Amino acid sequence: MRTASSREPDVVTSALASAALRIECGREGFARAREFTRETLRRWSLNHRGDDAAVVVTELATNAARHAVPCAPAGEADVWLGLALGAAHLVLTVSDPCDSRPVSAPTAGSDLLEHGRGLCIIDALAEEWGWAPRPPVGKTVWAKLSTCPPH
């Protein structure tokens, strides 16, 4: 497993295009986030990244809903999806109200468990992933995907 970086990815500050969506934490909200991601990538001519991006967005949003939202102060449980397109990379971000860093803790036999593999899946699909604090409270977890078409 790669080591998660605790910095913002370079492409976010030099984005050619960007889009954002507030995620409703639940089955319908996650479906809407996947639809928003696929439609945005179609507009950016990145259909070939749609499947991987949808999986990454789902895992990031699920982690935020499961681990961050329950510990958020009342009225401050917003979760946001961000997409940023750079010259060679697409960055997917999910911002949540919790300051705790993401923890990937696979255990022996965890490949058969229903939960707990989200960051391992993200690690497998992304070129790089990490997180950054989001002052005054919260964090943003991000994953970087190449925009290059498959060969």
Side-chain angles (χ1 to χ4, degrees), residues 1-104 115 117-151:
M1 176 167 279
R2 296 178 197 100
T3 302
S5 172
S6 62
R7 63 169 178 77
E8 290 284 342
D10 299 332
V11 73
V12 171
T13 57
S14 62
L16 301 173
S18 63
L21 174 75
R22 183 180 170 276
I23 299 175
E24 302 274 335
C25 293
R27 180 171 281 148
E28 289 179 18
F30 297 155
R32 174 70 185 116
R34 286 189 296 274
E35 178 185 320
F36 175 81
T37 299
R38 288 180 188 278
E39 181 57 34
T40 300
L41 295 186
R42 270 193 287 276
R43 284 195 322 268
W44 293 346
S45 300
L46 293 173
N47 295 354
H48 61 280
R49 296 309 316 207
D51 291 339
D52 288 348
V55 170
V56 169
V57 163
T58 300
E59 294 301 334
L60 291 174
T62 300
N63 285 347
R66 176 166 282 129
H67 302 291
V69 170
C71 66
E76 296 182 30
D78 284 348
V79 175
W80 284 89
L81 166 63
L83 308 173
L85 176 61
H89 292 94
L90 169 69
V91 176
L92 311 166
T93 64
V94 172
S95 298
D96 66 51
C98 183
D99 291 330
S100 300
R101 71 180 192 85
V103 176
S104 178
H115 302 289
R117 298 175 307 180
L119 292 177
C120 293
I121 292 168
I122 292 166
D123 190 62
L125 294 175
E127 286 189 358
E128 181 181 10
W129 71 273
W131 68 282
R134 191 185 58 155
V137 66
K139 69 178 169 303
T140 298
V141 183
W142 55 269
K144 188 188 297 187
L145 304 177
S146 171
T147 57
C148 295
H151 298 321

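This is a predicted model, so every value here is computed, not measured.
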Can you give me the closest heavy-atom contact between W131 and W142, atom names plus distance?
N-NE1, 3.4 Å

How far does OG1 of T37 sit from CG of L21, to the nearest 0.5 angstrom?
7.5 Å

If you round to the nearest 0.5 Å, how far is CD of E59 from CD1 of I122?
6.0 Å

Would you please test R32 and E35 for salt bridge (charged side-chain N to carboxylate O under 4.0 Å, His left out) and show each step?
CA-CA 5 Å; R32 174 70 185 116; E35 178 185 320; 3.5 Å; yes

With side chains defined as the heavy atoms from C-beta onward, is the minimum distance between L145 and L46 less than 4.5 Å?
no

Tested for side-chain contact (heavy atoms from CB on, under 4.5 Å) against R38, the lone hit among V57, D51, N47 is D51

When you look at T140 and V94, which way does the side chain to side chain contact (heavy atoms under 4.5 Å, CB included) test go after all the steps?
CA-CA 6 Å; T140 298; V94 172; over 6 Å; no

Closest heavy-atom pair, A53 versus L41, reported as atoms and distance to 0.1 Å, is CB-CD1, 3.5 Å

Looking at A143 and V56, what are the two nearest heavy atoms and their distance?
CB-CG1, 3.7 Å

Presence of salt bridge, R42 and E39, under 4.0 angstrom:
yes

Any chance you could measure I121, atom CD1, to L60, atom CG, to the nearest 0.5 Å?
11.0 Å

In the structure I gave you, are the side-chain heavy atoms of L119 and P102 within less than 4.5 Å of one another anywhere?
yes

Nearest 0.5 Å, please: how far is OG1 in T58 from CG in L81?
9.5 Å

Can you tell me how far CH2 of W44 sits from OG1 of T147, rounded to the nearest 0.5 angstrom?
11.0 Å

Give the minimum heavy-atom separation between V79 and C25, together with the two atoms involved.
CG2-SG, 3.7 Å

Could you give me the CA-CA distance, side-chain angles and deciding distance for I23 and F36, then say whether side chain to side chain contact (heavy atoms under 4.5 Å, CB included) is met?
CA-CA 10 Å; I23 299 175; F36 175 81; over 6 Å; no

Under the side-chain hydrogen bond (donor to acceptor under 3.5 Å, both in side chains) test against D96, which residue among K139, H67, R134 passes?
K139

The reported gap from OG in S146 to CG in D52 (rounded to nearest 0.5 angstrom) is 10.5 Å

